[in-house]
Each structure stands twice: as C-alpha cells, then as structure tokens.
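Report on one structure; see the data block that follows.
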Amino acid sequence: MRAAVISEYRKHLSIENLSDPAVPRDGIVVRVRATGICRSDWHTWMGHDDAVSLPLVPGHEMAGEVVEAGPEVRRFRTGDRITVPFVLACGGCPVCLGGDHQVCADQVQPGVNFHGSFAEYVALPRADINVTHLPAGIGFAEAASLGCRFITAFRAVVEQGRTSPGEWVAVHGCGGVGLSAIMIAAASGASPVAVDISDEALSAAERLGAVRTINARAVDDVPGAIHDITGGGAHVSIDALGSTITCRNSILSLRRLGRHVQVGLMAEDHAEPPVPMGTVIGRELDIRGSHGMSPKNYPALFELIGQGKLAPAALIGDHISLSAGADLLVRMHAYPATGIAVIDDFEH
C-alpha cells in the first residue's frame, strides 16, 4: 500500500510502498477513503508526543470501508462504511464504563501508537468498542472532517461548555476546530464571537454563524473587547488554538461563573501556561479540557447532520492527494488556507 511516512522528526515525509496491515483479532482493516490533516499530526511530526516511535504513518481523522474483520469482531463485516474517533478505548475500565472513552487511561491512537490513516489501508484494534457505522447520507470526506477537530469541538461546546441557547460563546482561534466550535455553538442557539488574526478566517467564521468577530492584531485588549460586546463577558470561552496568549485571553474573556474549555494542545514553550488564578477564584470560573468524544455521541451528531443543523462539509477547504498532504503536514503551523484539508486521493 502507498503511505506517507515520518522517518525523522521535523523532516519531510516520504511516500513509500508498505506491506498491507494484518487484521487484529479484535479489529478491522479499513480501506481509507478520506483522512483529515490535523494540527495534532503536526505535533506528532514535531516530536511533541513521547508515545511515538519512528518510522510512523500519521493520521487519525478517517473514514472508509471495511475490507477484513478479525475473528473476535461481531459488529462489522466486509463492505461496511465506518468512521472512528481518534481515541481507541479499552471499553472495560471504570472511565469507559462511565461512558467517557475519550479519556481512557489504556487508550491507543492511530498515527501515534501505530500506523495511521495517511495510507491506503489502516488496521484498527478494539473495533466493536470504538468504531461506528457511517450513515449512507454522510460522505467519506465529510466524515473524515469530523475526525478529531469537529468531535472535540462538539464535546467542548455541548458537554464540557454546557452551552445553552442565548449564551455568548467566545472562540479563540478560527482554524478547523475553532470554526467547528462556532458552527456548533450557533446551531445550539448561542451567539458566537470569533477571535483570530486572519481576516479570511474571521470571514469564514461569520459565514458559519459568528455574530461578531475580533481581529486580535487590531485590538490591544481582546478580553476587554469581548466584555464590551457581550455586556459583561462570555458565558463560555474556548481556546481552540493552544497558546499562552489565547489560553489567558479565553479565561479573562469570561463573565462570573463562566466556563473555559481548553481544546488547543499546549506544547513546548506553551506547555505550562501561567493561569490568572485570582480571576478564576474571584469569578468562580470553571476550567475544563476537551479531548475527543466518546463513540456514544456519534448518533446524536449524525442526527444533527441529517437534519441539516450541522454541515461539517462546509468546513472542508481543500481536497488533496496523499503526496500533497504529506507536504502540507510540515506546514501546518502556518497553514494559509481556511478550514480543514482532507486527503481523498491515495494514488498521487
């Protein structure tokens, strides 16, 4: 099979012919029809994850068709259309039994712990626990765009942020996950405020439901601007980028009893950001993370897509080839386009 391979950190990926993966006893082999290119893949390529061993095929946002199922698999057969969250949980620990597969302590992830979806085929263990059937009305590229960004944003807005109709939701960073959060917040009846340094990204945010936008390059005090717009601060604020500045601005943007949700990964110099804890205490703020989504939430998400209330396909900015995706991955820190790039051509 053709695959894009990370052989050295911070070096260009190579396109190689690898052996097709063997089917796990409790898993499936999937023909990858589409895979997203995520900033988390860029973190892997940078060497930010200690769980990674090279060489490695990256990729964890995928959709495709089952070509083989292991002997212990009961829910899937050849030809089934599937997608999967990036966390493959054990299914048996107390956390999983409570429905929170996304933070399973015994989790494994494609593109981190084993070869991922930047390839024609991928093997997925623990299929019955984690993989979900893909409704006929949702295309492969659209399903791949759900990947980790949309489902993480969905949990951030709906579950961790506990967003209610009429509330103000500030979103700091309008890349794939930020735009997803804006769409989901608007669909939830909230009023999103989008913050970014790109006018193009802010225009996309407006199209997806942002009622106000802030260009952080043009404003000296982003939290102050949000307090002015919202009449006292956002009810929910999401750091969708993952930097010291956006994390701090998100917390300071909140009104009393507000909820901050950290979605953007924090690495290197941003790994341990200073938190304005005096404000957290004085305003009794709630600080949470959002790390993917449990498979149990897919039916509700699919229903909203089927009803037309959510349109993740609108977030796809580019459909590209495997080789182009390998080139793009190394530039994710400065990705010039808006939205999500999806690889759906594995022959070039």
Side-chain angles (χ1 to χ4, degrees), residues 1-21 28-46 52 54-68 79 81-86 109-112 114-124 134 138-151 175-177 179-180 198 200-201 204 311-348:
M1 68 176 183
R2 295 183 82 243
V5 180
I6 302 173
S7 296
E8 295 182 59
Y9 294 124
R10 308 188 186 198
K11 301 292 184 182
H12 280 278
L13 285 71
S14 57
I15 304 298
E16 301 181 15
N17 287 312
L18 304 181
S19 299
D20 293 349
I28 56 178
V29 173
V30 176
R31 180 182 180 188
V32 182
R33 291 292 195 172
T35 185
I37 306 173
C38 179
R39 188 173 175 86
S40 297
D41 297 313
W42 178 80
H43 281 291
T44 299
W45 173 78
M46 287 286 291
V52 170
L54 300 183
L56 179 73
V57 176
H60 57 278
E61 301 183 328
M62 72 189 80
E65 298 166 327
V66 177
V67 296
E68 188 176 2
R81 304 170 75 252
I82 65 93
T83 189
V84 64
F86 67 95
Q109 298 181 23
V112 175
F114 57 92
H115 285 335
S117 53
F118 277 37
E120 293 181 280
Y121 298 95
V122 62
L124 299 174
L134 184 62
I138 299 178
F140 290 120
E142 185 175 18
S145 76
L146 298 176
C148 90
R149 283 164 288 192
F150 201 92
I151 62 174
V177 69
L179 293 176
S180 300
S198 163
E200 183 182 3
L315 297 170
I316 300 175
D318 293 300
H319 294 261
I320 60 178
S321 67
L322 180 62
S323 57
D327 290 339
L328 175 58
L329 176 58
V330 306
R331 298 183 284 112
M332 281 299 290
H333 65 295
Y335 181 36
T338 300
I340 295 170
V342 174
I343 297 170
D344 52 11
D345 172 7
F346 293 87
E347 297 180 358
H348 301 95

Subject >> Intermediate values then yes/no, side-chain contact (heavy atoms from CB on, under 4.5 Å), Y9 and V52 >> reply: CA-CA 10 Å; Y9 294 124; V52 170; 3.5 Å; yes
Subject >> Trace of the side chain to side chain donor-acceptor pair (under 3.5 Å) decision for E200 with S198 >> reply: CA-CA 5 Å; E200 183 182 3; S198 163; 4.9 Å; no
**OP:** Could you check D20 against V29 for side-chain contact (heavy atoms from CB on, under 4.5 Å), going step by step and ending with a plain yes or no?
**Re:** CA-CA 9 Å; D20 293 349; V29 173; over 6 Å; no
Subject >> side-chain contact (heavy atoms from CB on, under 4.5 Å) assessment of L322 paired with D345 >> reply: CA-CA 6 Å; L322 180 62; D345 172 7; over 6 Å; no
**OP:** Decide yes or no on side-chain contact (heavy atoms from CB on, under 4.5 Å) for H115 and V122, but give the supporting numbers first.
**Re:** CA-CA 7 Å; H115 285 335; V122 62; 5.9 Å; no
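With a 4.5 Å cut-off on side-chain heavy atoms, V84 and L124 count as touching. With contacts defined as side-chain heavy-atom distances shorter than 4.5 Å, the pair P58/I6 qualifies. Using a 4.5 Å cut-off on side-chain heavy atoms (C-beta onward), V342 and I320 make no contact. Using a 4.5 Å heavy-atom threshold, the side chains of I151 and S180 count as separate. Using a 4.5 Å cut-off on side-chain heavy atoms (C-beta onward), V112 and T44 make contact. Residues E120 and R31 have side chains not in contact (no heavy-atom distance under 4.5 Å, counting atoms from C-beta outward). At least one side-chain heavy atom of I82 sits under 4.5 Å from a side-chain heavy atom of V30. Residues S7 and L54 fail the side-chain proximity criterion, which asks for heavy atoms closer than 4.5 Å.
Here the closest heavy-atom approach between residue P55 and residue V5 is recorded as CB-CG1, 3.8 Å. For the residue pair A141 and H319, the shortest heavy atom distance occurs at CB-CE1, 3.7 Å. Taking all atoms of both residues into account, the shortest heavy-atom contact from I15 to A4 is CD1-CB, 3.8 Å. Scanning both residues, I343 and I37, for their nearest heavy atoms gives CG1-CD1, 3.8 Å. Annotation for A201 and L179: closest pair O-CD2, 4.0 Å, computed over non-hydrogen atoms. Taking both residues in full, the closest heavy atoms of V57 and A119 are given as CG1-CB, 4.2 Å, listed atom of the first, atom of the second, then distance.
Comment: E347 does not engage R2 in a salt bridge, judged by the lack of any side-chain N to carboxylate O separation of less than 4.0 angstrom. Of the charged side-chain nitrogens involved, at least one lies within less than 4.0 Å of a carboxylate oxygen, so that R149 and E61 count as a salt-bridged pair.
At least one donor-acceptor pair closer than 3.5 Å links the side chain of D41 to the backbone N or O of G59. Within the 3.5 Å criterion, the main-chain N or O of M62 finds a donor-acceptor partner in the side chain of T83. At least one donor-acceptor pair under 3.5 Å links the side chain of W45 to the backbone N or O of K11.
H43 meets the ring-ring contact (aromatic ring centres under 6.0 Å, His included) test with H48; sequence neighbours excluded.
For the pairing with V32, the side chain to side chain contact (heavy atoms under 4.5 Å, CB included) check across F346, F140, F118 returns one residue only, F346.
For the atom pair CE of M1 and CG of N17, the computed distance is 9.5 Å after rounding to the nearest 0.5 Å. L134 CG to R33 CZ: the interatomic distance, rounded to the nearest 0.5 Å, is 12.0 Å. Interatomic distance, M46 CE to M332 CE, rounded to the nearest 0.5 Å: 13.0 Å. Distance check: I316 CD1 to S145 OG gives 4.5 Å after rounding to the nearest 0.5 Å.
Residue R81 qualifies as enclosed at atom CZ: its count of foreign heavy atoms under 6.0 Å is above 12.
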